[in-house]
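Proteins get letters first, then strands, A, B, ... in listed order; numbering begins at 1 in each. Note that the structure is predicted; figures quoted are calculated from it, not measured.
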Number of protein chains: 2
Amino acid sequence: METTLTDLSTENCPIGRTLDVIGTTWTLRVLREAFFGVRRFVDFRERLGVSSALLTERFGLLVEHGILVRTAYEEPGQRTRYEYRLTEKGRELYPVMTALREWGERHVLDDDGPPVLVRHRECGAAVGVALVCEHGHTVGVRDVEATPGPGARLRAEQPESRS
Amino acid sequence: METTLTDLSTENCPIGRTLDVIGTTWTLRVLREAFFGVRRFVDFRERLGVSSALLTERFGLLVEHGILVRTAYEEPGQRTRYEYRLTEKGRELYPVMTALREWGERHVLDDDGPPVLVRHRECGAAVGVALVCEHGHTVGVRDVEATPGPGARLRAEQPESRS
DNA sequence: CAGTATCCCAAGCGATACTG
DNA sequence: CAGTATCGCTTGGGATACTG
């Protein structure tokens with residue numbers, strides 16, 4: 001009998017793994033602010049309305065995972081400040097943000113339209129994500145085929161559930 | 001003085017709104033299973049390893065938001081069964097899933113490679129998401145410009161934080 | 001099977017106070 | 001400013017038992 005997708009373990013699923021890292025309640029909102037250009041601790045805290053303790057903990061995790069970096073900087077004549085910036089690994093989450101934004105703009109937006117317009121700097125057209133294949137074709141959800149890959153693992157046998 | 005992005009309220013942010021709907025701990029995993037083709041209550045429960053109570057609650061929310069539909073069906077000679085399927089609105093979350101998957105495959109994958117291969121049915125090439133503008137250009141994160149849109153709202157004044 | 005109901009523990013998180 | 005520490009509430013969610 002052929003192995004189908006639903007025979008596979010979800011344990012090493014890249015979606016689940018990603019959610020383990022960024023899928024907790026405030027983490028993606030913190031990253032959203034980072035993509036907005038927010039850098040300083042207080043600014044994150046005030047914009048998100050969260051406690052210092054929570055923010056400290058989230059920053060710790062994100063730095064640990066290499067998604068943000070904490071750097072000190074001095075403005076002349078000022079105290080030392082710290083800032084949190086996206087790393088390249090963090091910046092690669094932009095498609096996730098964009099996909100979330102597009103869905104939200106389509107389905108859960110107020111009547112007055114999007115609060116932020118995101119456009120291609122060179123031509124001014126709205127930016128979003130598209131499903132594409134490596135040959136450059138635009139792909140619909142229905143045109144996609146999913147099959148077990150090299151990392152596929154069978155999940156532990158259920159004791160043969162008979163209804 | 002010009003209004004900048006960081007002056008805006010985050011209250012009506014489409015990313016935040018989307019996360020309010022699907023950003024809770026198990027919800028995206030439930031949807032992942034739905035995209036895998038899982039339909040029946042027990043199958044979701046066994047694959048995710050969650051309790052009935054949790055699953056019931058999540059299904060309730062997702063149906064309420066029009067992301068899943070619950071339908072009864074009868075197999076001849078069998079009891080009535082129920083299944084949960086993605087609606088069109090739910091299927092539109094596929095780019096979100098794909099973006100999460102791609103990031104995970106790049107950054108948090110085991111050495112043995114992806115458990116699932118996702119390919120374009122017609123040409124066999126791997127499928128992912130790409131940032132594009134409406135004029136069809138492929139766009140880099142750095143080529144994007146974000147400005148306040150029609151739904152922009154100023155956030156409540158902070159009492160002028162002076163460091 | 002597809003849930004509902006109850007009980008209870010643990011994690012998430014805000015509030016507050018304090019520190020370098 | 002950029003945190004750390006503590007407290008205590010509230011929610012999330014597992015375990016178990018029961019129902020149509």
Side-chain angles (χ1 to χ4, degrees), chain A residues 6 10 16 19-31 33-34 38-64 68-85 158-163, chain B residues 6 10-11 16 19-31 33-34 38-64 68-85 156 158-163:
Chain A
T6 47
T10 57
L19 293 173
D20 289 342
V21 178
I22 58 158
T24 42
T25 312
W26 286 101
T27 308
L28 274 166
R29 289 168 219 258
V30 169
L31 290 173
E33 298 305 314
V38 176
R39 303 264 161 84
R40 285 161 52 186
F41 193 93
V42 275
D43 293 336
F44 280 95
R45 198 186 53 197
E46 284 169 4
R47 288 181 58 75
L48 294 169
V50 294
S51 64
S52 295
L54 172 68
L55 199 53
T56 299
E57 191 250 357
R58 286 305 134 92
F59 277 151
L61 286 174
L62 288 168
V63 168
E64 195 175 303
L68 294 179
V69 267
R70 178 188 196 260
T71 55
Y73 68 100
E74 335 248 334
E75 287 170 347
Q78 294 271 32
R79 292 189 293 84
T80 302
R81 303 267 183 130
Y82 298 94
E83 58 176 18
Y84 292 88
R85 307 183 66 134
Q158 286 303 125
E160 192 55 26
S161 77
R162 284 265 147 252
S163 82
Chain B
T6 47
T10 58
E11 173 268 319
L19 292 173
D20 290 342
V21 177
I22 59 159
T24 43
T25 311
W26 286 100
T27 308
L28 273 165
R29 288 168 219 259
V30 169
L31 290 173
E33 298 305 315
V38 175
R39 304 264 162 84
R40 285 162 51 186
F41 193 93
V42 275
D43 293 335
F44 279 96
R45 198 186 55 197
E46 285 168 4
R47 289 180 58 76
L48 294 169
V50 294
S51 65
S52 295
L54 173 67
L55 199 53
T56 300
E57 192 251 355
R58 288 302 134 92
F59 277 150
L61 285 174
L62 288 168
V63 167
E64 195 175 304
L68 295 179
V69 266
R70 179 189 196 260
T71 54
Y73 69 101
E74 336 248 334
E75 288 170 348
Q78 293 272 32
R79 292 189 292 84
T80 302
R81 302 267 184 133
Y82 298 94
E83 59 176 18
Y84 291 88
R85 306 183 67 134
Q158 286 304 122
E160 192 55 28
S161 77
R162 285 264 147 252
S163 82

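A/R47 contributes no side-chain N or O that, together with a main-chain N or O of B/T10, makes up a donor-acceptor pair within less than 3.5 Å.
For the pair A/R58 CZ and C/dG12 P, the computed distance is 7 Å after rounding to whole Å. Separating the CG atom of A/D43 from the C1' atom of D/dA2 is a distance of 12 Å, rounded to the nearest angstrom. The distance from atom CZ of B/R39 to atom C1' of C/dC1 is 17 Å, rounded to the nearest whole Å. When rounded to the nearest whole Å, the span between CG of A/L54 and C1' of D/dT10 equals 15 Å. Atom CG in B/L55 sits about 16 Å away from atom P in D/dG12, given to the nearest Å. Rounding to whole angstrom units, CD of residue A/E83 and P of D/dA2 are separated by 10 Å.
Tested against B/Y84 for a side-chain contact (heavy atoms from CB on, under 4.5 Å), the candidates B/V69, B/V38, B/V63 yield a single pass: B/V63.
With values rounded to the nearest 0.5 angstrom, B/L19 atom CG is found 10.5 Å from B/T27 atom OG1. In this structure, B/R40 CZ and B/Y73 OH are separated by 5.0 Å, a value rounded to the nearest 0.5 Å. The distance from atom CG of B/L28 to atom OG1 of B/T24, rounded to the nearest 0.5 Å, is 7.5 Å. Here the straight-line distance linking atom CG of A/L31 with atom CZ of A/R58 works out to 11.0 Å at 0.5 Å rounding. To the nearest 0.5 Å, atom CZ of residue B/R39 and atom OG1 of residue B/T71 are 8.5 Å apart.
Backbone-only contact: B/T25 has heavy atoms under 4.0 Å from sugar-phosphate atoms and none from a base.
The two residues B/F44 and B/A34 have their closest heavy-atom pair at CE2-N, 3.8 Å.
For A/W26 and C/dG12, the shortest distance from a side-chain N or O to OP1 or OP2 is not below 4.0 Å. Between B/T24 and D/dG12 there is no side-chain polar atom (N or O) within less than 4.0 angstrom of OP1 or OP2.
Salt bridge annotation for A/E83-A/R85: present, with a cationic side-chain nitrogen under 4.0 angstrom from a carboxylate oxygen.
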Got a list of protein N/O to nucleotides 3-9 of chain C N/O distances below 3.5 Å?
from: C/dG3; atom 1: OP1; to: B/R70; atom 2: NE; distance (Å): 3.2
from: C/dG3; atom 1: OP1; to: B/R70; atom 2: NH2; distance (Å): 2.8
from: C/dG3; atom 1: OP1; to: B/Y84; atom 2: OH; distance (Å): 3.3
from: C/dG3; atom 1: OP2; to: B/Y84; atom 2: OH; distance (Å): 2.5

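Taking a pair as Watson-Crick or G-U wobble with both distances under 3.5 Å, the runs of three or more consecutive pairs in DNA chain C are C:1-20 with D:1-20.
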